[in-house]
There are 2 protein chains.
Amino acid sequence: MPTDLKQLAALLKLSPTTVSRALNGYSDVSEATRQRVAEAAKAAGYEPSPAARRLAIGRADAVGIVYPVEADFMGNPLFLEMIGGVSDRLDGAGYDVLLAVARKKTELRTYERLVRGRRVDGLIVAHTRVKDERIDFLRGTQMPFIGYGRTSECDDFPWLDFDNEACTRLAMNELTARGHRRIAYIHSPLNLNFAQQRYDGYLKAMAAAGLVVNPEHVLTGGHDRRGGYEATKRLLALADTRPTAILVDSNLCGVGTVRALLQAGIAIGTEMSVIVIDGLPVDTPLYDQDIAAIAQPTAHASGWTMADMLLKLIEGKPLDEPRVLKQPQFVNGRSLGLAPT
Amino acid sequence: MPTDLKQLAALLKLSPTTVSRALNGYSDVSEATRQRVAEAAKAAGYEPSPAARRLAIGRADAVGIVYPVEADFMGNPLFLEMIGGVSDRLDGAGYDVLLAVARKKTELRTYERLVRGRRVDGLIVAHTRVKDERIDFLRGTQMPFIGYGRTSECDDFPWLDFDNEACTRLAMNELTARGHRRIAYIHSPLNLNFAQQRYDGYLKAMAAAGLVVNPEHVLTGGHDRRGGYEATKRLLALADTRPTAILVDSNLCGVGTVRALLQAGIAIGTEMSVIVIDGLPVDTPLYDQDIAAIAQPTAHASGWTMADMLLKLIEGKPLDEPRVLKQPQFVNGRSLGLAPT
DNA sequence: TTGTATGCGTTATCAG
DNA sequence: CTGATAACGCATACAA
């Protein structure tokens with residue numbers, strides 16, 4: 001079984017050159033030989049050596065995703081889903097997915113390794129922060145990349161993100177329209193750009209509604225279920241100033257919030273209204289609680305789109321839409337009611 | 001800035017050969033030049049081209065992990081944690097981690113691509129099934145691999161796994177010792193090897209205790225929280241034959257089970273005893289429910305160990321322990337009590 | 001201790 | 001339409 005281009009060529013009594021061109025679909029090879037070569041290759045189970053290919057072509061045929069563990073050490077299920085979307089797009093194009101797990105300390109060096117060594121043809125930068133040195137680094141290189149999220153200054157690089165301010169604005173509209181005035185806000189760490197933007201949206205909406213923010217009503221929920229749970233318990237402990245509605249800026253925290261409410265015996269939708277941005281994960285038994293949500297395109301779809309953008313960039317094609325801002329949608333649920341009087 | 005070995009050599013007035021050897025820590029190069037080269041390389045930010053290196057050396061300097069999405073489409077947080085462990089071991093060794101997301105349909109082809117194209121030097125096969133064609137395929141190749149889990153026949157390949165029968169045996173001992181006789185069992189899909197083995201352990205333990213298995217007490221919980229939740233609801237609906245204890249074979253299902261019990265107002269530990277294998281994930285607010293568990297080494301540690309084994313295999317070193325069977329430990333909790341009389 | 005020549009498997013250039 | 005020849009960037013016998 002020929003494992004080699006040379007051997008395959010010898011077998012076919014052709015030159016390696018011709019075989020190579022036949023396999024790569026060049027126009028200047030007769031249809032007859034193309035067929036013959038293709039069959040022989042498949043029969044022999046021939047796979048070109050990526051290393052040699054890369055060396056000759058100068059491309060890595062790989063895309064990198066750097067996963068910062070500290071940000072989310074337990075593993076956000078949405079992250080794997082996003083990677084699934086990326087893979088689905090890249091698979092047919094013959095690209096590999098390099099997953100680099102980086103501690104905060106070594107993160108930048110990881111990027112340097114990938115870029116300098118041309119280990120990848122492009123990168124997807126997830127978990128963007130308000131001020132993000134990874135983006136700063138990539139700006140100075142020729143390496144194509146897509147931000148999965150924006151940064152504070154983001155007009156000069158391509159990204160895909162959700163309209164985060166709109167997320168909170170939309171949610172706040174629904175709440176104020178129902179008469180809520182004491183609206184609590186549970187958020188992710190504010191160095192993450194999406195969290196900061198959603199938080200801004202909350203503040204602006206409060207101001208627009210003529211409401212004063214009670215500092216006790218704004219709590220960080222960390223990245224996980226547990227954080228949301230504890231933040232909510234603190235809110236419930238407020239005697240006189242207990243909020244009548246809670247807005248949660250991410251799905252995992254949302255689970256914790258709903259848990260805490262159920263456990264405390266609070267009637268969701270009457271005693272306490274709840275909106276969770278991104279909605280609850282479908283794998284939770286709470287899913288049937290029918291919690292109102294701000295819905296985004298799925299992580300899978302986002303991954304697919306980003307991979308598609310990245311491929312265009314790698315091929316040197318211009319991006320018709322270099323900055324993709326997905327608009328959120330309000331999804332009603334039984335967790336929403338009029339403010340108690 | 002030299003991006004080339006040749007350029008770097010020219011800069012140093014040395015031959016590329018010498019520079020190469022200096023960088024790769026060969027013995028036959030003077031300490032003085034080694035220093036000089038190392039500094040110059042760092043100063044110039046030189047990174048050797050992996051493609052060229054791979055072609056010359058014949059190694060990929062990469063390890064592959066194939067993630068089957070169907071098995072667990074929402075993304076098990078433990079999976080990312082395991083990858084983190086793999087990366088931590090591999091990082092210093094200069095290996096990349098290739099993550100291939102595979103649909104069941106294309107799974108085998110993915111393996112072929114990785115192996116035939118020598119895209120990786122070794123593989124980690126996760127989610128092993130009782131009868132696993134991926135393992136069968138790899139057996140026929142020279143590609144080193146480690147099973148993250150066993151298969152029905154597994155004496156001829158290296159793996160890391162938990163003693164699954166011991167998991168259920170341990171748990172069952174605790175339950176029968178407390179007088180439980182109606183012990184329900186919620187399990188993952190039985191085509192997964194770990195699920196089958198744990199199930200076997202359950203059956204054996206029941207027999208050993210002289211108990212008869214009630215078919216209504218054995219339910220599949222799927223892979224997620226939701227499945228565990230629904231299975232538990234079905235158990236609670238049993239009027240006369242309601243179990244007094246529930247054993248759950250995986251962590252995510254366990255969350256659902258505890259949820260269902262709390263929601264139904266069941267007193268955990270008195271009305272119903274619960275043991276969850278792997279314990280509840282720490283990011284759940286239920287963590288303080290203090291559920292009894294069968295504890296395993298962390299996914300991170302497992303990943304690290306497997307990567308370590310794989311490196312040895314790649315380097316041709318013999319494995320002193322080719323089959324690593326981790327012993328589980330019983331961890332008591334308030335979820336365990338005497339059987340109600 | 002260092003340098004020269006050659007090869008890794010593929011693609012690209014340039015003739016036929 | 002096809003074939004010889006030279007890269008791609010690095011590592012390694014072998015020679016000096």
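Letters A, B, ... are given to chains in the order of the sequence lines, protein chains preceding strands, and every chain is numbered from 1.
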**Asked** Given atom CD of B:Glu31 and atom C1' of C:dT1, what is their separation to the nearest angstrom?
**Response** 13 Å
**Asked** With the sugar-phosphate defined as primed atoms, P, OP1 and OP2, and the base as all remaining atoms, what B/S/- string results for nucleotides 8-16 of chain C, 5' to 3', for protein heavy atoms under 4.0 Å?
**Response** BBBBBBB--
**Message:** Looking at D:dG3, I'd like to know if its phosphate oxygens (OP1 or OP2) sit under 4.0 Å from a side-chain N or O belonging to A:Ser15.
**Reply:** yes
**Request:** State whether A:Thr33 places a side-chain N or O below 4.0 Å from either non-bridging phosphate oxygen (OP1 or OP2) of D:dT2.
**Result:** yes
**Prompt:** Can we call the ring centroids of A:Phe157 and A:Phe145 under 6.0 Å apart?
**Reply:** yes
**Asked** Under 3.5 Å, is there a donor-acceptor pair between the side chain of B:Thr110 and the main chain of B:Thr106?
**Response** yes
**Fill in**
To the nearest angstrom, the NZ-P distance between A:Lys13 and D:dT2 comes to 16 Å
**Prompt:** Roughly how many Å is it from CG in A:Leu12 to P in D:dT2, rounded to a whole number?
**Reply:** 12 Å
**Prompt:** So does A:Ser30 get a side-chain nitrogen or oxygen closer than 4.0 Å to the phosphate oxygens (OP1/OP2) of D:dC1?
**Reply:** no
**Request:** Classify the side-chain pair A:Thr17/A:Ser20 by whether it contains a donor and acceptor separated by less than 3.5 Å.
**Result:** no
**Request:** Figure out the CG/C1' separation between B:Leu23 and D:dG9, and round it to whole Å.
**Result:** 13 Å
**Request:** Say whether, by atom type as modelled, one donor and one acceptor occur between the side chain of B:Arg113 and the main chain of B:Leu108 under 3.5 angstrom.
**Result:** no
**Message:** Could you tell me if B:Arg59 and B:Tyr95 have a donor-acceptor pair between their side chains, going purely by distance under 3.5 Å?
**Reply:** yes
**Asked** Any chance the side chains of B:Ser30 and B:Thr33 put a donor and an acceptor closer than 3.5 Å?
**Response** yes
